[in-house]
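Quick note: residue numbers are just sequence positions, from 1.
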Amino acid sequence: MTDYSEEQRNELEALESIYPDSFTAHFTDGEAEANRLNHLTRLTILSENPTSFTITVTSEAGENDETVQTTLKFTYGEKYPDEMPRYEIFSQENLEDNDVSDILKLLELQAEENLGMVMIFTLVSAVQEKLNEIVDQIKTRREEEKKQKEKEAEEAERQCFHGTPVTIENFLSWKAKFDAELLEIKRKRMKEEEQAGKNKLSGKQLFETDHNLDTSDIQFLEEAGNSVEVDESLFQEMDDLELDDEEDDPDFNPVDLESD
């Protein structure tokens, strides 16, 4: 017959020596608590009381010395290790929700595979490796984000200096847009010219709308009266004009006129 209490006690002692800084035992009733206080350096399992304990697991330092951490809480059942221990994420630091979910799935898988054997060390070791993977993933993700930002910055700079390469597709797209805009401008211009033509009055329409147009010039002259001044200096007397007399020309020959 398996002595489950003995196996549990032996495992706890081994765990205490492996994880001296992160191991804490919790007992659920007053008697167990008194026992714990009397034996601070050695763990004792009370036969009728389930023992629960926590182990804090921290990843190796990643980029910028950052780490991820989780505290696992385990509780022995009466027939552990022939039955799986109860486990939960007691607390965590720097982990995403999906990371916590992955750790719980990992614990379930490892517990099923190691059923019948003491398994806490195996479970904790698996979580330790998982945390190291998460730190590596964070580093990789940040490097990829950095490369992506650098690539986008280089592309923006290239576009600024070189513009967009012309291809048949983007040229046809640009031309269709340009033609549509040009057609719209022509339509607006034709509409404006048509509207202006409708608003322009013919001579007949002008006289019909303003009956004073036929007498406006005469009225203007009458109103001007003698106020119109003429600068006579702009004109010369006929006698002052120097006109060439053909007969005074020594080279004048009337015969030449008759022959013409």
Rounded to the nearest 0.5 Å, what separates atom [atom1] in [X] from atom [atom2] in [Y]?
{"X": "Leu12", "Y": "Ser17", "atom1": "CG", "atom2": "OG", "result": "11.0 Å"}
{"X": "Ile138", "Y": "Ser59", "atom1": "CD1", "atom2": "OG", "result": "8.0 Å"}
{"X": "Arg189", "Y": "Glu193", "atom1": "CZ", "atom2": "CD", "result": "7.0 Å"}
{"X": "Glu7", "Y": "Asp3", "atom1": "CD", "atom2": "CG", "result": "7.5 Å"}
{"X": "Lys73", "Y": "Arg86", "atom1": "NZ", "atom2": "CZ", "result": "9.0 Å"}
{"X": "Ser52", "Y": "Glu88", "atom1": "OG", "atom2": "CD", "result": "9.0 Å"}

Any donor-acceptor pair under 3.5 Å linking the side-chain atoms of [Y] with those of [X]?
{"X": "Ser173", "Y": "Asn170", "value": "no"}
{"X": "Thr71", "Y": "Thr54", "value": "no"}
{"X": "Tyr76", "Y": "Glu11", "value": "yes"}
{"X": "Gln69", "Y": "Thr58", "value": "yes"}
{"X": "Glu152", "Y": "Gln148", "value": "yes"}

If you compare all heavy atoms of [X] against all heavy atoms of [Y], which two are closest, and at what distance to 0.1 Å?
{"X": "Gly116", "Y": "Asp82", "answer": "CA-OD1, 3.6 Å"}
{"X": "Phe121", "Y": "Leu15", "answer": "N-CD2, 4.1 Å"}
{"X": "Val68", "Y": "Leu131", "answer": "CG2-O, 3.6 Å"}
{"X": "Gly77", "Y": "Gln8", "answer": "O-NE2, 3.1 Å"}
{"X": "Pro85", "Y": "Leu123", "answer": "CG-CD1, 4.5 Å"}
{"X": "Gln128", "Y": "Val57", "answer": "OE1-CG1, 3.3 Å"}

According to a hydrophobic-cluster definition based on side-chain heavy atoms being under 4.5 Å apart (Ile, Leu, Val, Met, Phe, Trp, Tyr only), do [X] and [Y] belong together?
{"X": "Leu95", "Y": "Val135", "answer": "yes"}
{"X": "Phe178", "Y": "Val166", "answer": "yes"}
{"X": "Ile134", "Y": "Leu104", "answer": "yes"}
{"X": "Leu183", "Y": "Trp174", "answer": "no"}

Report the C-alpha separation of Gln92 and Val100 in whole Å, then their side-chain angles, then the decisive distance to 0.1 Å, and conclude whether the side-chain contact (heavy atoms from CB on, under 4.5 Å) test is met. CA-CA 8 Å; Gln92 59 87 14; Val100 173; 4.2 Å; yes
Side chain proximity check, [X] to [Y], heavy atoms < 4.5 angstrom:
{"X": "Lys147", "Y": "Lys151", "value": "no"}
{"X": "Leu72", "Y": "Leu107", "value": "yes"}
{"X": "Glu112", "Y": "Met84", "value": "yes"}
{"X": "Pro50", "Y": "Tyr80", "value": "no"}
{"X": "Ile89", "Y": "Ile103", "value": "yes"}

Determine, stepwise, if the pair Lys146 / Arg142 fulfils side-chain contact (heavy atoms from CB on, under 4.5 Å). CA-CA 6 Å; Lys146 182 179 179 181; Arg142 288 182 176 176; over 6 Å; no
Under 6.0 Å between the ring centres of Phe74 and Phe53?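 Yes, the ring centres sit under 6.0 Å apart.
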Tell me whether the count of non-hydrogen atoms from other residues, nucleotides or ligands lying under 6.0 Å of [atom1] in [X] goes above 12.
{"X": "Glu96", "atom1": "CD", "value": "no"}
{"X": "Leu172", "atom1": "CG", "value": "yes"}
{"X": "Asp179", "atom1": "CG", "value": "yes"}

Would you call Arg9 and Glu6 a salt bridge, using N to O less than 4.0 angstrom?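 Salt bridge between Arg9 and Glu6, a charged N being under 4.0 Å from a carboxylate O: yes.
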Run through Val127, Thr70, Ile120 and flag the one making a side chain to side chain contact (heavy atoms under 4.5 Å, CB included) with Ile55.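 One option only clears the test, and that one is Ile120.
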Under 3.5 Å, side chain of Asn114 to main-chain N/O of Thr122, donor-acceptor pair present?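 No; zero donor-acceptor contacts below 3.5 Å.
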